[in-house]
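We count residues from 1, following the sequence as given. Quantities reported herein were computed from a predicted structural model and do not represent experimental measurements.
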Amino acid sequence: RPDALYVFNDLGALGTIDGLLSRGVRVPEDVAVVGLDDIELAARARVPLTTVRQPTERIGALAVDAILARLAGAPVPTRQLLAPELIVRRSCGAPSAARTADAPAPPPR
């Protein structure tokens with residue numbers, strides 16, 4: 001089996017974790033899991049999910065700016081790069097010192 005899984009979105013990652021746990025596979029001890037989105041449930045899950053947070057508000061603002069510029073006949077950039085943020089929680093197996101400030105500590109075992 002793999003050492004780690006990167007799942008397309010947080011809901012899928014949380015479902016993957018549930019499926020692994022129901023089969024006796026420990027997360028992150030046996031398989032680490034990382035998702036994408038940083039939905040609210042990610043921090044509150046049975047195994048708090050490590051995830052990649054995208055700057056969704058900035059993406060939306062750039063999209064509106066591009067639409068307005070296009071409607072005004074102004075040039076629109078064909079590409080804009082925005083930096084995502086890694087939110088480290090328990091599901092990846094990182095030591096607690098590596099966790100981000102807004103991620104809750106794992107529950108005691």
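Between Val31 and Asp3 the shortest side-chain heavy-atom distance does not fall below 4.5 Å. You'll find the side chain of Leu82 reaches within 4.5 Å of the side chain of Ile59, heavy atoms only. Asp18 is listed as a side-chain neighbour of Arg46, based on a closest heavy-atom distance under 4.5 Å. By the 4.5 Å heavy-atom criterion applied to side chains, Gln54 and Leu36 are counted as neighbours.
Arg89 places a side-chain N or O within 3.5 Å of a backbone atom of Leu49 that can act as its donor or acceptor partner. Put simply, the side chain of Ser91 never gets that close to the backbone of Val34: no donor and acceptor are under 3.5 Å apart.
Here the closest non-hydrogen pair linking Ala69 and Pro75 is CB-O, 4.3 Å. Taking both residues in full, the closest heavy atoms of Asn9 and Gly12 are given as OD1-N, 2.7 Å, listed atom of the first, atom of the second, then distance. Between Pro55 and Pro84, the shortest heavy-atom contact is CD-CA, 4.4 Å.
Side chains of Asp10 and Thr51: a donor on one and an acceptor on the other come within 3.5 Å.
With rounding to the nearest 0.5 angstrom, the CG atom of Asp38 is 10.0 Å from the OG1 atom of Thr50. Distance CG/Leu62 to CD1/Ile67: 11.0 Å, rounded to 0.5 Å. Taking CD1 from Ile87 and CG from Asp37, the interatomic distance works out to 12.0 Å, rounded to the nearest 0.5 Å.
Each of Leu20, Leu14, Ile17 was checked for a side chain to side chain contact (heavy atoms under 4.5 Å, CB included) with Val47, and the lone residue meeting it is Ile17.
Salt-bridge check for Arg23 with Asp30: failed, with every basic side-chain N at 4.0 Å or more from each acidic carboxylate O.
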Can you check side-chain contact (heavy atoms from CB on, under 4.5 Å) on Val33 and Tyr6, steps first, answer last? CA-CA 6 Å; Val33 179; Tyr6 178 75; over 6 Å; no
